[in-house]
There are 2 protein chains.
Amino acid sequence: MPPLVSAPALTARQEARRRRILQATTRLASRGGFDAVQMREVAESSGVALGTLYRYFPSKVHLLVAVMRDQLEQLHAALRERPPTEDDPAARVAQTLMRAFRAMQREPHLADAMVRALTFADRSVSAEVDTVSRLTTTIILDAMGPAGPPTPAQLSAVRVIEHTWHSALITWLSGRASIAQVRIDIETVCRLIGPEPSRQAYSARS
Amino acid sequence: MPPLVSAPALTARQEARRRRILQATTRLASRGGFDAVQMREVAESSGVALGTLYRYFPSKVHLLVAVMRDQLEQLHAALRERPPTEDDPAARVAQTLMRAFRAMQREPHLADAMVRALTFADRSVSAEVDTVSRLTTTIILDAMGPAGPPTPAQLSAVRVIEHTWHSALITWLSGRASIAQVRIDIETVCRLIGPEPSRQAYSARS
DNA sequence: CGCTAATCTAGAACAAGTTTCAGACTGGGT
DNA sequence: ACCCAGTCTGAAACTTGTTCTAGATTAGCG
């Protein structure tokens, strides 16, 4: 069976190497954040030569973005198990993001490493960052509810929610905003989704 | 006259050094963005020893955040000259941010250097980043209009607008969003401000 | 099995941010 | 004018991300 995406069909050994690398990275990041992920140490810790590490992940940022993708996929799976419970779409999204935020609070160093890598990434990582971004969009859309294809207005709202989510995380990680502050920001931006669709829509201006 | 803030009263020569450093940094950043700002080159280009550069700005990120502060102060002054022309507060804020965005489009490399530094900054730079953040808040509040002390709801909206502003810039700089996309995001988030205050306020839920 | 191309390893080398240090210089107080 | 403390310089050293190279290993294939 050919791979689903454009992965060039890794052998079992290679798959195992890749996984060891990601695990070692996650462990180091959980200890001390972005700075604690040192390429030599990742290589040694995952039993791989430095050159091989760079063959699998062409930079530290690529590596950490891959870790973020991993974590997001886990979150997505967990959310499928226990979807948000609120009625209002906006509240469901806020609940979902707060759940993700609590996960980050449990591993603040890991969050630091992932989020700093994500926002520091330059154009050479844009494909990988885009994958992470699409995953995030999917998670938010899933949280919004069972609706069919989202409207352009909804997509704009989701984009802005994502912006706020990333930037609020950064201010929290750098100690410039409290946990309460992040909650408020999330709840504030989720108002853009508007109350549940059954209510009377107030006319969009222009 | 003692300095207004906690600046330890630099001599004229020191003030000149500081300014040369910032100018050299701005010039290098305009050429090639974050990566083109190399500390050795900044030092040489501003006629200062490397150690001195580090005495003035304890890291590359500190340096670039100081440049961003400089640029924001210039923008603030320019906005005082020609304030936004729209009637609606939300439109005024959007207009102001789009004006800033056009300035960034004129110097995309400089924008890259400043914004990447700002979002990559860790706790050791939080004081300086906070200054920049407060300046940004001031600019947005100024754009909103001549109103007195802003309400907590307005402050939340402004925070979210700032988040969106920074994050949208990043997606643009890393080539994952178009200029049009950024405009849409800015206009979308500015709706959080709501229509001008003269209209009937719809009751805040909870 | 034996061949070939691709992959992996160990280690050196390079690049740029940061630190350190000895000595020269400056500015303010006497 | 002189002296002290703080500042600046030039240069080397250190750190960590990244690249390179020569040789060993592995995978796929006839």
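Just so it is clear: chains get the letters A, B, ... in the order the sequence lines come, proteins before strands, and each one is counted from 1.
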Peer 1: In whole Å, what is the span from the CD atom of E15(A) to the P atom of dA27(D)?
Peer 2: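 The answer, rounded to whole Å, is 14 Å.
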Peer 1: Looking only at the side chains, is there a donor atom on one of R17(A) and S46(A) sitting less than 3.5 Å from an acceptor on the other?
Peer 2: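 No, S46(A) and R17(A) have no side-chain donor paired with an acceptor closer than 3.5 Å.
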Peer 1: Just how far, in rounded Å, is P of dT18(C) from CZ of R55(B)?
Peer 2: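 Distance check: R55(B) CZ to dT18(C) P gives 17 Å.
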Peer 1: Have a look at Y56(A) and say if it touches a base, only the backbone sugar-phosphate, or nothing, with a 4.0 Å heavy-atom cut-off.
Peer 2: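 Sugar-phosphate: the residue Y56(A), judged by heavy atoms under 4.0 Å, touches backbone atoms but no base.
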Peer 1: Rounded to the nearest Å, what distance is computed from the CG atom of residue L50(B) to the P atom of nucleotide dA11(D)?
Peer 2: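 Rounding to the nearest Å, CG of L50(B) and P of dA11(D) are 12 Å apart.
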Peer 1: How do D35(B) and V48(A) order along DNA chain C: which one's closest nucleotide is nearer the 5' end?
Peer 2: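 The residue whose closest nucleotide sits nearer the 5' end is V48(A).
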Peer 1: Verify whether one side chain among H163(A) and T164(B) offers a donor that lies under 3.5 Å from an acceptor in the other.
Peer 2: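 T164(B) and H163(A) do not have a side-chain donor-acceptor pair below 3.5 Å.
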Peer 1: Grab the OH-P distance between Y54(A) and dT16(D) for me, whole Å please.
Peer 2: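 Spelled out: OH on Y54(A) to P on dT16(D) is 13 Å.
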Peer 1: Tell me: CG of D122(B) to C1' of dT18(C), nearest whole Å?
Peer 2: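 The answer, rounded to whole Å, is 14 Å.
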Peer 1: So does T52(A) get a side-chain nitrogen or oxygen closer than 4.0 Å to the phosphate oxygens (OP1/OP2) of dT9(C)?
Peer 2: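 Answer is yes, contact under 4.0 Å.
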Peer 1: When you check the phosphate oxygens OP1 and OP2 of dC8(C), does a side-chain N or O of Q14(A) lie under 4.0 Å from one of them?
Peer 2: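 Looking at the OP1 and OP2 atoms of dC8(C), one of them is under 4.0 Å from a side-chain N or O of Q14(A).
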Peer 1: In this structure, how many angstroms lie between the C1' atom of dT9(C) and the CD1 atom of I21(A), rounded?
Peer 2: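 Going from CD1 in I21(A) over to C1' in dT9(C) covers 13 Å.
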Peer 1: Please state how far atom CG in L63(B) lies from atom P in dA16(C), giving the value in whole angstrom units.
Peer 2: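 Those two atoms, CG and P, are 16 Å apart.
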Peer 1: Base, sugar-phosphate, or nothing for V37(B), non-hydrogen atoms under 4.0 angstrom?
Peer 2: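 Result for V37(B) = sugar-phosphate.
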Peer 1: Ignoring hydrogens and geometry beyond distance, is a side-chain donor-acceptor pair present between T11(B) and R13(B) at under 3.5 Å?
Peer 2: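 No - no donor-acceptor pair under 3.5 Å links their side chains.
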Peer 1: Which part of the nucleic acid does R40(B) contact within heavy-atom distance under 4.0 Å: base, sugar-phosphate only, or nothing?
Peer 2: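 Counting heavy atoms under 4.0 Å across all strands, the contact made by R40(B) includes a base.
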Peer 1: Taking the six-membered ring of Y56(A) as reference, does the cationic atom of R18(A) (NZ for Lys, CZ for Arg) lie under 6.0 Å from its centre and within 45° of its axis?
Peer 2: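 Relative to the ring axis of Y56(A), which defines the angle, R18(A) lies outside at least one limit.
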Peer 1: Find out whether the Lys NZ or Arg CZ of K60(B) is both under 6.0 angstrom from the six-membered ring centre of F120(B) and within 45° of the ring's axis.
Peer 2: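 No; the conditions do not both hold, so K60(B) does not lie above the ring face of F120(B).
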Peer 1: Please state how far atom NE2 in H62(B) lies from atom C1' in dT18(C), giving the value in whole angstrom units.
Peer 2: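 Rounded to the whole Å, the gap is 13 Å.
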Peer 1: By nearest nucleotide on DNA chain C, pick out whichever of R13(B) and M39(B) is the more 5' one.
Peer 2: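 On the 5' side of the pair lies M39(B).
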